[in-house]
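Structure first, commentary second.
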Amino acid sequence: MVELRHLRYFVVLARELHFGHAASALHIEQPALSHNLRQLEEELGVRLFVRNTRKVELTEAGRTYLHKSIRLIQYMDNAAHAAQKAEQGGAGYLNFGYDNCVVLSRMPAAIKQFQRSFPDVELIPHENIPDRLLEQVLTGKLDVIYTCGGRRHPQLDSVTLEMPSWLCAIHKDHPLAAKNVIHWRDLRDEKLALPPYSSMWELHESLLSLCREADFVPHAPFSVYSPLAVFPLVSAGLCVSFTFNTGSAVTIPDVVFRPLLPTRTLQLQMCWSKNANSRTLTNFVEHCTRSLHSEASVSACELV
């Protein structure tokens, strides 16, 4: 069987074209080098060198084999280096699941920073509804998820990375736009857009609960899955809706944003399996936690 050492010995001898010099470069005895080269030629069934008392030359087969051998050694060295980096969490793959709340969060900026710090880690994104994300991280199809709602599961570890406060999105000419802040009860008689119960039930129930706290049942003729998809409805003056304040500036034509009182927050959580044994995953969680927590300390409300 041809082993990697055979190839390394062959390449050094092909470079030196002298058994004594090649053995010295390899830090082995010359008979051991000769023995290994004979083994290689016997295994291949070809002569790689022409040997005589005066010189050593590569045969045509030897020159062809040299080119392939150098590439193979480089490939094996690169593979070993990649494996070592993966062991340290500096290379590999990470299946990252997220729901549509991420589009308004600070997570994309944290991911960009992570990719700069770990360029050899391939982050594979998967967008889905929260319940599906939970199923997929539990079954191992996803390594980590980022989703809205305070999710708890005995098989998952989690960390809350953002707790943005709710904002009201209204048309600039709406009477409520004249206020600096809006109370939840001010929305009693408004047409509202809520996320659909079927796919975003936690978010839907959370907003319903907040309206009930203000002593009214919301009139919600519009159901919109994506946080961004609701803004055209607001811009057209068809409804009032909700978004959340992550400290990032958002500009939508004819739409203004106002804080809602009393202040209520939404949890954005990262979750992963308790059984996960990946340094790459650990690096990702630690990096995003540091990044988002440090940004939270300096973020200001820029959405009004």
Side-chain angles (χ1 to χ4, degrees), residues 79 81-166 195 199-203 206 226-228 243-248 264-300:
H81 180 65
Q84 292 161 0
K85 288 193 70 174
E87 177 71 16
Q88 301 166 359
Y93 301 87
L94 203 61
N95 285 287
F96 171 71
Y98 63 96
D99 64 29
N100 56 35
C101 289
V102 170
V103 71
L104 294 176
S105 77
R106 291 178 289 119
M107 178 55 71
I111 289 175
K112 185 176 182 180
Q113 292 177 10
F114 175 80
Q115 294 279 246
R116 282 201 296 263
S117 300
F118 298 92
D120 293 325
V121 174
E122 183 176 351
L123 203 63
I124 306 171
H126 304 265
E127 191 269 345
N128 215 322
I129 63 176
D131 283 351
R132 293 285 185 271
L133 293 174
L134 189 64
E135 292 174 8
Q136 290 172 349
V137 75
L138 286 170
T139 58
K141 292 181 179 179
L142 296 176
D143 298 304
V144 60
I145 63 174
Y146 195 59
T147 181
C148 62
R151 293 180 174 271
R152 295 288 184 271
H153 194 283
Q155 297 178 35
L156 296 180
D157 282 325
S158 64
V159 58
T160 298
L161 295 183
E162 298 179 82
M163 292 187 66
S165 56
W166 283 106
S199 58
M200 305 288 287
W201 64 269
E202 285 189 338
L203 215 54
S206 175
S226 168
L228 293 180
T243 185
F244 46 88
N245 179 10
T246 62
S248 300
R264 295 291 185 267
T265 58
L266 170 70
Q267 291 189 53
L268 297 179
Q269 284 189 329
M270 183 173 285
C271 307
W272 63 97
S273 172
K274 288 181 180 290
N275 297 323
N277 183 24
S278 166
R279 185 60 200 173
T280 302
L281 173 60
T282 300
N283 287 345
F284 181 71
V285 172
E286 291 177 349
H287 179 91
C288 291
T289 300
R290 286 195 305 270
S291 176
L292 292 179
H293 284 178
S294 64
E295 285 185 21
S297 64
V298 298
S299 292

Where is the tightest heavy-atom contact between [X] and [Y], given as atom of each residue plus distance?
X: W272; Y: D143; answer: CB-O, 3.4 Å
X: T160; Y: Q269; answer: OG1-NE2, 3.2 Å
X: F244; Y: C101; answer: CZ-O, 3.5 Å
X: E162; Y: M107; answer: OE2-N, 3.9 Å
X: P154; Y: K274; answer: O-CE, 2.9 Å
X: L133; Y: H126; answer: CD2-O, 4.0 Å

Any heavy-atom pair between the side chains of [Y] and [X] that's under 4.5 Å?
X: V285; Y: L281; answer: yes
X: H287; Y: S117; answer: yes
X: V102; Y: P108; answer: yes
X: N128; Y: I145; answer: no
X: L123; Y: F284; answer: yes
X: M200; Y: P130; answer: yes
X: N95; Y: V137; answer: no
X: L266; Y: L268; answer: yes

Does [X] use its side chain to pair, donor to acceptor, with the backbone of [Y] at less than 3.5 Å?
X: S206; Y: L203; answer: no
X: D99; Y: C148; answer: yes
X: T280; Y: A91; answer: yes

Steps toward side chain to side chain contact (heavy atoms under 4.5 Å, CB included) verdict (Q155, N275)
CA-CA 8 Å; Q155 297 178 35; N275 297 323; 5.6 Å; no
With rounding to the nearest 0.5 Å, note down the distance linking [atom1] in [X] to [atom2] in [Y].
X: D120; Y: Q115; atom1: CG; atom2: CD; answer: 10.0 Å
X: M270; Y: S158; atom1: CE; atom2: OG; answer: 11.0 Å
X: L161; Y: Q267; atom1: CG; atom2: CD; answer: 10.5 Å
X: L142; Y: F96; atom1: CG; atom2: CZ; answer: 9.5 Å
X: C271; Y: D157; atom1: SG; atom2: CG; answer: 9.0 Å

Could I get the full list of salt bridge (Lys or Arg N to Asp or Glu O under 4.0 Å) partners for E122, not counting sequence neighbours?
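Once residues adjacent in sequence are excluded, E122 has no partner under the salt bridge (Lys or Arg N to Asp or Glu O under 4.0 Å) criterion.
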Applying salt bridge (Lys or Arg N to Asp or Glu O under 4.0 Å), name anything that partners E135, two or more places apart in sequence or on another chain.
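E135 satisfies salt bridge (Lys or Arg N to Asp or Glu O under 4.0 Å) with R132 once adjacent residues are dropped.
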Could you walk me through whether L156 and L134 pass side chain to side chain contact (heavy atoms under 4.5 Å, CB included), step by step?
CA-CA 9 Å; L156 296 180; L134 189 64; 3.4 Å; yes
Going through the checks in order, is the side chain to side chain contact (heavy atoms under 4.5 Å, CB included) test met by L104 and L228?
CA-CA 8 Å; L104 294 176; L228 293 180; 3.8 Å; yes
Output all residues satisfying ring-ring contact (aromatic ring centres under 6.0 Å, His included) with Y146, sequence neighbours left out; order by chain, then residue number.
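If we apply the ring-ring contact (aromatic ring centres under 6.0 Å, His included) test to Y146, skipping adjacent residues, there are no hits.
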